[in-house]
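Below: one structure, written as structure tokens.
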Amino acid sequence: MAHPLDHLPILRMNGAGNEILVLDLRGSDHELAPHEARAIANAPGLRFDQLMALHRPRRPGDDAYIRIYNIDGSLSAACGNGTRCVAYALAREGKAALRLETDAGLIETRRQADMVFTVDMGRPRLGWREIPLARAVEDTREIALDPPVAGAPARFCAVSMGNPHAVFFVDDATHVDLEALGPRIERHPLFPERANVSFAQMLSRDDILLRVWERGTGATKACGSAACATLVAAARAGLGERAARLRLPGGDLHIEWRADDHVLMTGPVEFEFETRLDPQIFQGVVA
Ligand SMILES: N[C@H](CCC[C@H](N)C(=O)O)C(=O)O
């Protein structure tokens, strides 16, 4: 019995070093299950930070509906770098501007140059319930990490871009022990849906060095929604401007928090290869 995913086309790309797969499910009614996403991640050469599952549009006027999977199979409602890769994949079909439905709402993209795309990531969510946090917090600009995590700063900012972000401002982001602090903050009791964890160093008011431990994936070379969350957190804290360069290990992203409250992210994409899913991947895989 053929598996519904057998031989489906898959693009291997990266967005500023964030490893992305784009799986084209527009010719199928199949919805990727978490264990199937994990099976793809374990297939040779297909390891990813996020998998962008492209579905047929569900609303008139949209170009596609995308579901976003982390390497552990968990879903995320937002993925900035991955959305740029989707924009590249659909630009190859002649579409320079897109309307994409995500679980975080409408996301619009626009091609700026061959391999450079701008994504309107929508409005930041700033209330404790929207992050979400496990307890009421008056001001999400400065939250006590309680109970404390040894080695982590005592306070952080919380912002959602459709997915939860905890942003810690530090004096030196390049020497943060992500592997030690990341998992313990990702799964801290304050975050009922876990959290993406950012450590940001203000080089100047519009130049920020960023290191990210991603929910459901771990340390990555870049994280677009974390870059957006960090820009918003810095502006809200009075540390930064409403537009800045975010420097990540895999590349730079330009983020702007517009006066209309939309956060725009502009950055590069790289195409690595295209293949089709090998049926062997799903042999013996159970939910
Ligand atoms: N790398 C993605 C973020 C993935 C977020 C995911 N880790 C989660 O929220 O669970 C980005 O470029 O925005």
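Whatever order the structure lists ligands and atoms in, that order sets their numbers, starting from 1. Along the sequence shown, residues carry numbers from 1.
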Should the proximity of [X] to ligand 1, defined as any heavy atom under 4.0 Å, be assigned to the side chain, the backbone, both, or neither?
| X | answer |
| --- | --- |
| Asp49 | neither |
| Ala78 | backbone |
| Gln50 | side chain |
| Asn70 | side chain |

Any [X] heavy atom less than 4.0 Å to ligand 1:
| X | value |
| --- | --- |
| Asn196 | yes |
| Cys223 | yes |
| Thr220 | no |

**Q.** Arg242 side-chain N/O to Arg258 backbone N/O, donor-acceptor pair under 3.5 Å
**A.** yes
Q. Do the side chain of Asp260 and the main chain of His262 share a donor and acceptor less than 3.5 angstrom apart?
A. yes
Q. Per the salt bridge (Lys or Arg N to Asp or Glu O under 4.0 Å) rule, which among Arg67, Arg58, Arg56 passes with Glu101?
A. Arg58
Q) Quick one: do Arg26 and Glu93 make a salt bridge, cutoff under 4.0 Å? A) yes
Q: In plain terms, say whether Arg205 and Glu241 are close enough for a salt bridge, that is, a side-chain N and a carboxylate O under 4.0 Å apart.
A: yes
Q. Is there side-chain contact between Pro189 and Pro147, with heavy atoms separated by less than 4.5 Å?
A. yes
Enumerate the atoms of ligand 1 whose separation from the nearest heavy atom of [X] is less than 4.0 angstrom.
| X | value |
| --- | --- |
| Ser76 | 5 (C), 6 (C), 8 (C), 9 (O), 10 (O) |
| Ser225 | 3 (C), 11 (C), 12 (O), 13 (O) |
| Asn18 | 1 (N), 2 (C), 11 (C), 12 (O) |
| Asn81 | 11 (C), 12 (O) |
| Gly224 | 11 (C), 12 (O), 13 (O) |

Which protein heavy atom lies closest to [atom], and at what distance to 0.1 Å?
| atom | value |
| --- | --- |
| atom 2 (C) of ligand 1 | Cys79 SG, 3.4 Å |
| atom 10 (O) of ligand 1 | Arg215 NE, 2.7 Å |
| atom 4 (C) of ligand 1 | Glu214 OE1, 3.3 Å |
| atom 5 (C) of ligand 1 | Asn163 ND2, 3.3 Å |

Q) Which value, rounded to the nearest 0.5 Å, describes the distance between Glu272 atom CD and Glu19 atom CD? A) 7.5 Å
Q) Do Tyr65 and Leu21 belong to the same hydrophobic cluster, where Ile, Leu, Val, Met, Phe, Trp and Tyr are linked whenever their side-chain heavy atoms lie under 4.5 Å apart, directly or via other members? A) no
(Q) Quick check: Leu75 and ligand 1, any N/O pair under 3.5 Å apart? (A) no
Q: Classify the angle between the aromatic ring planes of Phe199 and Phe168 as parallel (below 30°), tilted (30 to 60°) or perpendicular (above 60°).
A: parallel
Q) Are a donor atom and an acceptor atom from the side chains of Thr174 and Asp172 found within less than 3.5 Å of each other? A) yes
Q.
I'd like to know if the side chain of Gln112 pairs up with that of Thr118 as donor and acceptor (distance under 3.5 Å, no hydrogens or angles considered).
A. yes
